[in-house]
Number of protein chains: 2
Amino acid sequence: MREAAATDNRPYHHGDLRRALIDAARRLLETEGPTALSLRAVAREAGVSPAAPYHHFKDKGELLDAVAHEGWDLLNELMTAARASHASVRDKLTALGVAYVRFARDNPALYRVMYDCSRDKDSLPDHVHAQNDSAYCQVRDTLVEAGADPMDEQELELATTAAWCAAHGLAEMFSFKQFDHLKDALGGDEAFLRGVFEHMGIFGAAHHG
Amino acid sequence: MREAAATDNRPYHHGDLRRALIDAARRLLETEGPTALSLRAVAREAGVSPAAPYHHFKDKGELLDAVAHEGWDLLNELMTAARASHASVRDKLTALGVAYVRFARDNPALYRVMYDCSRDKDSLPDHVHAQNDSAYCQVRDTLVEAGADPMDEQELELATTAAWCAAHGLAEMFSFKQFDHLKDALGGDEAFLRGVFEHMGIFGAAHHG
DNA sequence: AAGATGATCTTTACGGCGTCCAGATTCAGT
DNA sequence: ACTGAATCTGGACGCCGTAAAGATCATCTT
């Protein structure tokens, strides 16, 4: 299987295999789900031998880390946009929570990889928690805007952590069919989200009534 | 618990292999972690051939389902006890939340299996959500005690769901080392838990000053 | 220009996995 | 005691992650 075929423009050395592998992994993740995401399948999808990825990633875990990294970046972007597109502090908080859960709903496999990678290391990636434009910091800063005392660091961290936990919990519960009838009764996913947030006293969704 | 005769005494037909397999799985889960939990390893631990489990479980998933089932039962028991051992409604709610997260902290591998099995089916087990003494119903009933209107079914379900999500989110975040400094600053795991719950407006942990 | 060097990719191989199948063994009902 | 069903073993298949050794190619040195 040398070069022979003129149509097979793939050279022996792939241009940017690292990039291609990450893309292939994300493609597989969307189409086949997380259980189908084997290193060999990714290599196959990228049109390369099963051992090729080892020249770009130490092991399967490192490839998944790279995929997860892009997931966190995307989430950070979405939350930045959500925060920016509302005026009042209350609306910003709600929008942040809704954007978070919506991301998890729209990218369930990616969301899972993001937390699975973190769990394997007992640690979230730095750019999720520490970095300035991280999702964590966006929530924290908005809480300060909302009146939290930035001097009382512990309370502020607790409140941000509480918000993060609440959003993550809702994101994971969201897909269970046990809540389908509630979603229907309330008139859709979005209303369900806001309804739950209302009761969490964190994301302060608009209360009706 | 029936013992597995390690000597040559073992009869061809195991007494209760189904039971022994579940116990072996739980033993492996505690000692080796969730990644080491293969069907073959479980069979090995139970002193039986790799194909033997197939006479008691359709596939690996069904064995995990059985393990998860016992996990939910244990969680239900712990929450029943937590609820019963406090007088005031507020203390009951706090105790329920703390018991939940404590269970996840003390049985991380089991907790993981419980939700992985559910996610694979997009559905929580019935006896977790519907059954009368389920964890869900315990929280819901306590919320009614706390003054929630049982006639307003939707609001009650939303509040219970919010509590569930909050507890699950905290349970999953708990192990990340990002929060270690907060735990230390607050004086331990327990204080951290209560601190977060305080901000969730659900489990109504001990009032702030 | 020629050759050496190192990076990249392939081939092959190993052990472990989930699962199926054909036998061996034992139990239960006649 | 005989028969049939239930239970367990041994072996096989194709997948997986990973490692080692060889093939191919880009680049740097001279």
Quickly work out the [X] [atom1] to [N] [atom2] distance and round it to whole Å.
X: A/Lys60; N: D/dG17; atom1: NZ; atom2: P; value: 5 Å
X: B/Leu64; N: C/dT19; atom1: CG; atom2: C1'; value: 15 Å
X: A/Leu39; N: C/dT10; atom1: CG; atom2: P; value: 14 Å
X: B/Tyr54; N: D/dA6; atom1: OH; atom2: C1'; value: 19 Å
X: A/Glu45; N: D/dC16; atom1: CD; atom2: P; value: 13 Å
X: A/Leu63; N: D/dC16; atom1: CG; atom2: P; value: 14 Å
X: B/Asp16; N: D/dC8; atom1: CG; atom2: P; value: 9 Å
X: A/Leu37; N: D/dG17; atom1: CG; atom2: P; value: 9 Å

Given DNA chain D, 5'-ward residue of the pair A/Lys58 and A/Arg44, judged by closest heavy atom |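 Whichever sits nearer the 5' end wins; that is A/Arg44.
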Between B/Arg105 and B/Tyr111, does a side-chain contact (heavy atoms from CB on, under 4.5 Å) hold up when you go through it step by step?
-> CA-CA 8 Å; B/Arg105 183 199 56 187; B/Tyr111 186 77; over 6 Å; no
Contacting residues from residues 113-120 of chain B, given that a heavy atom lies under 4.0 angstrom of DNA chain D =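 Heavy-atom cutoff 4.0 Å gives no residues at all.
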What nucleic acid atoms does A/Ser49 come within less than 4.0 Å of, heavy atoms only: base, sugar-phosphate, or nothing?
->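 The answer is base, as A/Ser49 lies within the cut-off (heavy atoms under 4.0 Å) of a base atom.
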Answer with base, sugar-phosphate or nothing: what part of the nucleic acid does A/Arg18 contact at a heavy-atom distance below 4.0 Å?
->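 Answer is nothing: A/Arg18 stays at 4.0 Å or more from every strand.
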Can you tell which of C/dT19, C/dC17, C/dT10 lies closest to the side chain of A/Val48?
->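 It is C/dT10.
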Of the nucleotides C/dG18, C/dC9, D/dC8, which one has an atom closest to the side chain of B/Arg40?
->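 The nucleotide sitting nearest to the side chain is C/dG18.
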Thinking salt bridges, do A/Arg119 and A/Asp116 make one under a 4.0 Å N-O criterion?
->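 Yes, this pair counts.
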Are the charged groups of B/Arg19 and B/Glu70 less than 4.0 angstrom apart, N to O?
->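 A salt bridge is present here (some side-chain N lies under 4.0 Å from a carboxylate O).
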Under the side-chain hydrogen bond (donor to acceptor under 3.5 Å, both in side chains) rule, what pairs show up with a residue in residues 37-49 of chain A, not counting sequence neighbours?
->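 For residues 37-49 of chain A, and leaving out neighbouring residues, the side-chain hydrogen bond (donor to acceptor under 3.5 Å, both in side chains) pairs sorted by first residue read A/Arg27-A/Glu45.
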Set of ring pair (Phe, Tyr, Trp, His ring centres under 6.0 Å) partners for B/Phe176, sequence neighbours left out |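 Once residues adjacent in sequence are excluded, B/Phe176 has no partner under the ring pair (Phe, Tyr, Trp, His ring centres under 6.0 Å) criterion.
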So B/Trp72 and B/Tyr115, would you call those rings parallel, tilted or perpendicular, with 30° and 60° as cut-offs?
->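 Correct class here is perpendicular.
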Test log, rule side-chain contact (heavy atoms from CB on, under 4.5 Å), inputs B/Glu62 and B/His56 = CA-CA 9 Å; B/Glu62 262 197 9; B/His56 302 270; over 6 Å; no
Counting just side-chain N and O atoms, does A/His55 come under 4.0 Å of either OP1 or OP2 of C/dT10?
->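 No, because none of the side-chain N or O atoms of A/His55 sits under 4.0 Å from OP1 or OP2 of C/dT10.
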In terms of the nearest nucleotide of DNA chain C, which residue is placed more toward the 5' end: B/Ala41 or A/Ala51?
->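 Closest to the 5' end, via its nearest nucleotide, is A/Ala51.
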